[in-house]
Amino acid sequence: MAQKPSIPKGTRDFSPIEVTKRNYIFNIIKTAFQSFGFQPIETPSFEKSETLLGKYGEEGDRLIFKILNSGEKVKKADLQALEDGNLARFSNSLAEKALRYDLTVPFARYVVQHQNDITFPFKRYQIQPVWRADRPQHGRFQEFFQCDADVVGSTSLWQEVEFVQLYDKVFSNLGLEGVTIKINNRKILSGIAEVIGAKDKLIDFTVALDKLDKIGEDGVKNEMLNKGISAEAIEKVQPLFSFSGNLDDKLDQLKQLLSSSDEGMEGIADLEFVFEAIEVLGLETARLDLDITLARGLNYYTGAIYEVAAPKGVKMGSIGGGGRYDDLTGIFGLKNVSGVGISFGLDRIYLVLEELGLFPETVTDKVDVLCINFGEKEALASMKLIKVLREAGKSAELYPDKAKPKKQMNYANKRNIPYVIIIGGNELENNTCTVKNMNDGTQLEVPFDEVLTAF
RNA sequence: GUGAUUGUAGCUCAGCUGGUUAGAGCGCCGGAUUGUGGUUCCGGAGGUCGCCGGUUCGAAACCGGUCUUUCACCCCA
């Protein structure tokens with residue numbers, strides 16, 4: 001193992017079967033995106049640093065891979081910043097480019113840059129890798145794929161409804177039953193912060209609340225106190241901790257709590273709209289759930305927030321997320337364009353499908369027929385057959401070398417090839433070929449021209 | 001970024017309080033069977049014990065560093 005080459009942490013190689021399985025997921029997602037009217041775009045792997053920095057919060061900036069300046073540009077290094085101990089500023093002066101961290105911000109940049117060529121509302125999907133300098137864990141990588149669908153240029157809540165349906169469609173088609181689509185609304189969180197007089201602490205408040213199911217009620221309260229939220233403010237949100245009952249009960253409790261906040265009441269109305277529409281339209285296998293503690297760290301969200309949890313019993317972080325952002329393009333100078341979108345975490349979905357054994361058996365890279373190679377003349381005859389088979393839609397190949405039949409059969413066996421065709425001296429003489437079924441071991445000698453009848 | 005954790009043959013793992021030539025199962029290659037695979041039998045190859053350094057007469061084992069894996073934070077797909 002010593003001198004063997006290796007790849008950086010948090011990255012992976014994919015074997016033929018893995019690529020095949022990944023493509024299976026890609027295809028289902030892509031097909032759903034297209035049937036919902038989304039169009040594909042692609043953006044570069046790296047952007048200018050200034051495009052990405054500052055969009056994901058301080059924590060996010062730390063996780064952005066920066067690309068070291070090359071050639072003469074290294075001279076731009078801000079040595080003063082290094083001396084002053086300002087490492088963030090120093091590293092930014094070394095790098096003018098950075099690998100994309102997600103697909104949403106590059107998309108916002110795309111929309112602003114091409115605004116005159118785009119017909120709004122613009123529905124796009126994008127399936128590309130993203131990079132994060134995170135510490136890897138199970139289901140957590142430094143390079144992974146996101147599959148995004150976003151709509152910009154429409155504030156209609158029907159978009160929110162459609163994204164719930166889109167999530168349901170994809171996970172249903174993947175055979176992954178029992179996923180929970182959690183939904184919340186930033187306006188509600190903002191309203192709560194307003195009501196308790198902690199508007200300036202909105203982020204701290206939501207981050208703490210987000211951890212409710214992890215660290216419990218007391219843990220959340222402690223964290224809020226530590227972040228400088230007053231005890232009496234926390235007292236006011238007590239109802240959140242004993243949040244229960246069915247959807248209507250939950251909404252009623254919220255309305256009571258937020259009656260004095262216009263923004264909060266607006267958020268509730270938004271949610272009601274989505275729930276009522278989904279109630280009528282129905283879902284195939286997913287469940288839509290109001291999760292008032294759902295916050296999501298990305299602070300460009302302003303309206304609906306989504307997160308998808310894997311079925312119970314599967315230990316995996318969220319397998320999808322998204323939400324509405326009213327002013328993402330504003331950062332790049334285009335005002336009043338509201339966007340909403342969702343993302344699928346391909347790599348995590350793969351792990352979940354694998355764990356639950358949900359990949360269909362037909363998902364393989366199988367070759368249908370292998371021709372045994374007995375020498376020049378026989379091989380040429382085999383190649384004629386292979387041509388016929390390929391034209392008939394079967395994948396076929398000739399064993400390239402004249403090896404022992406045993407070895408060739410073994411190869412077919414290991415590659416799971418269901419049929420082997422034998423053309424040796426006897427068959428050449430009789431103008432026939434022998435078709436062997438590798439599953440039951442039976443074989444059949446048929447006239448050369450009638451090979452297709454043997455399948 | 002913080003605190004832990006893992007690394008021995010292609011794979012899954014043994015390897016005692018430091019002590020000769022580091023083992024097993026599976027896989028791989030060859031033969032029994034030179035026109036027939038998955039079963040069986042026989043034989044074989046393959047490891048500077050993640051890497052670098054230190055302690056020691058002696059290190060796979062102890063210590064330090066580093067890389068990697070996994071986990072809890074942080075954050076997130």
Next item on the list: Examine B:G37: is either OP1 or OP2 under 4.0 Å from a nitrogen or oxygen in the side chain of A:Q408? Give yes or no.
Entry: no
Item checked: Between P of B:A77 and CG of A:D150, the distance in whole Å -> 13 Å
Note to self: What's the gap between B:G7 and B:G15 when it is taken at their P atoms, as a whole Å value?
What the structure shows: 11 Å
Item checked: B:G35 phosphate, OP1 or OP2, under 4.0 Å from A:K436 side-chain N/O -> no
Next item on the list: Any strand is fair game: report the nucleotide pairing with B:G27 by Watson-Crick or G-U wobble, both distances under 3.5 Å, or none.
Entry: none
Margin query: Quick check on RNA chain B: between A:P405 and A:R62, whose nearest nucleotide comes earlier from the 5' end?
Written below: A:R62
Next item on the list: May I ask you to say what A:I319 touches in the nucleic acid, namely base, sugar-phosphate or nothing, with a heavy-atom cut-off under 4.0 Å?
Entry: sugar-phosphate
Notebook entry, point to check: Do A:N426 and B:G35 have a side chain to base donor-acceptor pair shorter than 3.5 Å?
Noted result: yes
Item checked: A:M409 CE - B:U33 P separation (whole Å) -> 18 Å
Next item on the list: For nucleotides B:A72 and B:C11, find the distance between their C1' atoms and express it as a whole number of Å.
Entry: 29 Å
Notebook entry, point to check: Roughly, in whole Å, what's the span from OH in A:Y411 to C1' in B:G38?
Noted result: 17 Å
Next item on the list: Tell whether A:N410 reaches the base of B:G37 with its side chain through a donor-acceptor pair below 3.5 angstrom.
Entry: no
Notebook entry, point to check: Which part of the nucleic acid, if any, lies within reach of A:E58 when heavy atoms closer than 4.0 Å are counted: base, sugar-phosphate only, or nothing?
Noted result: nothing
Note to self: Distance check needed: B:A72 C1' versus A:R135 CZ, whole Å only.
What the structure shows: 11 Å
Note to self: From the set B:G30, B:G37, B:U36, return the single nucleotide nearest to any side-chain atom of A:K407.
What the structure shows: B:G30
Check: Is it the case that more than 12 heavy atoms not belonging to A:K250 sit under 6.0 Å from its NZ atom?
Finding: yes
Item checked: Between B:U69 and B:U12 - C1' atom distance, rounded Å -> 16 Å
Check: CD of A:E42: more than 12 outside heavy atoms within 6.0 angstrom?
Finding: no
Note to self: Taking the nucleotide of RNA chain B with the nearest heavy atom to each, does A:N439 or A:S343 sit closer to the 5' end?
What the structure shows: A:N439
Item checked: Atom-to-atom span, CZ of A:F141 to C1' of B:U70 - whole angstrom -> 12 Å
Next item on the list: Could you give the distance separating B:C26 and B:C63 at their P atoms, to the nearest angstrom?
Entry: 35 Å
Item checked: Nearest-angstrom distance, P atom, B:U68 to B:C29 -> 33 Å
Checklist line | N/O (side chain, A:K404) to phosphate O (OP1/OP2, B:G31) under 4.0 Å | finding: yes
Notebook entry, point to check: Are more than 12 heavy atoms from other residues, nucleotides or ligands located less than 6.0 Å from atom NZ of A:K169?
Noted result: no
Checklist line | Aromatic-base stack, A:F144 on B:A77, cutoff 5.5 Å, angle under 30 | finding: yes
Check: Taking the side chain of A:M438 as heavy atoms from C-beta outward, which of B:G37, B:G35, B:A77 is closest to it?
Finding: B:G37
Next item on the list: Report yes if at least one side-chain N or O of A:K406 is closer than 4.0 Å to OP1 or OP2 of B:G31; otherwise report no.
Entry: no
Next item on the list: Between B:U17 and B:C76, how far apart are the P atoms? Round to whole Å, please.
Entry: 46 Å
Item checked: Span that lies between the C1' atom of B:A9 and that of B:G44, in whole angstrom -> 14 Å
Next item on the list: Tell whether A:E378 reaches the base of B:G35 with its side chain through a donor-acceptor pair below 3.5 angstrom.
Entry: no
Margin query: OP1 or OP2 of B:G27 versus the side-chain N and O atoms of A:K414: is any pair under 4.0 Å?
Written below: no
Note to self: Can you check the distance between B:G27 and B:U33, where both ends of the measurement are the C1' atom (answer in whole Å)?
What the structure shows: 22 Å
